[in-house]
Amino acid sequence: MVLGAASWLGYLLINRLVSSGYPVSGSLYQQQPEFGTDNLELFFATTPKDYVRALEQRKPDFVVNFLRGEDEQGLEIHKTIINYCHLNGAVYLYASSVLALDAYENIPLTEDLKAHSLSPYGIFKAKCEELLQVSRINYTILRFASVQGWVPHKITRNEAFLQKLAKGQVVTVDRGVVQNRMPASVLIRGIVDIIKKRITGILHFGSTDASEEFHFLQKQAVRFGYPIDFVQGGSFRRVNLVAVPNRIFQELGQEYRQSEEATLEYLCNIPGLIKYKVTDQQQSLPNEI
């Protein structure tokens, strides 16, 4: 069962699971994207009771949580899933974030670190991690900073950025924010491998190298044919969001050892993003700062 089926990662995961032969169900909140398959059971859910009912009716042996909602109801849904897994011997894969570690300073953000956060989003993720770690269930916590890609039913961060460039807009980006970025397709392939191998514990996903968001977006702009100065620096804030990967190489294989250069190359070859590439005949001039 994939909770958050209409999220862009949920959408990609469901398509991958169905194509791999898994029976899949998925929760919807409002939007219902077209998955292009009949081998999928979708249901609408908003309250914790809705999720309790869905879990009890469908009895999944593996639950993946991509839900948003960093509030008391989101926490209650999280507790509901933990309780279901405890009673039914199911495995829970929880999509956390490297922001669960954003209170650490001057140390690498490795998988052995306990959640420690200052930001509201990170504090919520940290609380969810802690509930899993004191539970008696089999769980997997995924931490990652930024995954890159495209889906047909939502505007991803990559498409939103390229849309602005295509309109001739200059994009201002905070300086000092360092992340390691991986293609969404690699993360999704990794989750399917985790399900197959029943790998538990904390795993970090991300490229082996990292860079400032400012520099990464400049490179992305140039790759799509836009002037480098379409991306300009804003305020400075020192933020380390590098989720250092380690276990994915040991548990899943060396093919998960990815570079940011490979991420950029991946973006340039996504059919849904190619339309934003500037041709030799096109000229793009900034009209907004």
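By convention here, the first residue in the shown sequence is residue 1. Keep in mind the model is a prediction, meaning the values are calculated, not measured.
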S.K.: Check for a donor-acceptor pair, side chain of Asp209 on one end and backbone N or O of Glu260 on the other, with a separation under 3.5 Å.
M.R.: yes
S.K.: Can you list the steps and then say if Gln258 with Ser207 is a side chain to side chain donor-acceptor pair (under 3.5 Å)?
M.R.: CA-CA 5 Å; Gln258 300 271 321; Ser207 58; over 6 Å; no
S.K.: Taking a hydrophobic cluster as the set of Ile, Leu, Val, Met, Phe, Trp and Tyr residues connected by side-chain heavy atoms closer than 4.5 Å, whether directly or through intermediates, do Tyr84 and Ile195 fall within one such cluster?
M.R.: no
S.K.: Looking at every non-hydrogen atom in both residues, tell me the closest pair between Val242 and Val98 and how far apart they are.
M.R.: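 That would be C-CG2, 4.2 Å.
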S.K.: Shortest non-hydrogen contact from Leu9 to Leu187?
M.R.: CD1-CD2, 4.1 Å
S.K.: Are Phe124 and His78 an aromatic pair, judged by ring center distance below 6.0 Å?
M.R.: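 Not under 6.0 Å, so no.
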S.K.: Quick one: sort the Tyr11 and His153 rings into parallel, tilted or perpendicular, breaks at 30° and 60°.
M.R.: tilted
S.K.: Do the side chain of His86 and the main chain of Ile137 share a donor and acceptor less than 3.5 angstrom apart?
M.R.: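 Absent.
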S.K.: Whether Arg58 engages the ring of Phe43 as a cation-pi pair (distance to the six-membered ring centre under 6.0 angstrom, angle to the ring normal within 45°) should be assessed.
M.R.: yes
S.K.: I'd like to check Leu75 versus Lys127 (side-chain heavy atoms, cut-off strictly below 4.5 Å). Are they in contact?
M.R.: yes
S.K.: With a cut-off of under 6.0 Å to the ring centre and 45° to the axis, is Arg189 in cation-pi contact with Tyr256?
M.R.: yes
S.K.: Between CH2 of Trp150 and CD1 of Ile274, what distance do you get to the nearest 0.5 Å?
M.R.: 10.5 Å
S.K.: Does NZ or CZ of Arg181 come closer than 6.0 Å to the centre of the six-membered ring of Phe216, within 45° of the ring's axis?
M.R.: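 The answer is yes; both the distance and angle limits are met.
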S.K.: Find the distance between CG (Leu17) and CD1 (Ile188) and round it off to the nearest 0.5 Å.
M.R.: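 One finds 8.5 Å between CG of Leu17 and CD1 of Ile188.
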S.K.: Measure the spacing between CG of Leu101 and CG of Leu118 and express it to the nearest 0.5 Å.
M.R.: 11.5 Å
S.K.: Taking Val171's backbone N and O only, do any of them form a donor-acceptor pair with Gln232's side chain (distance below 3.5 Å, no angle check)?
M.R.: no
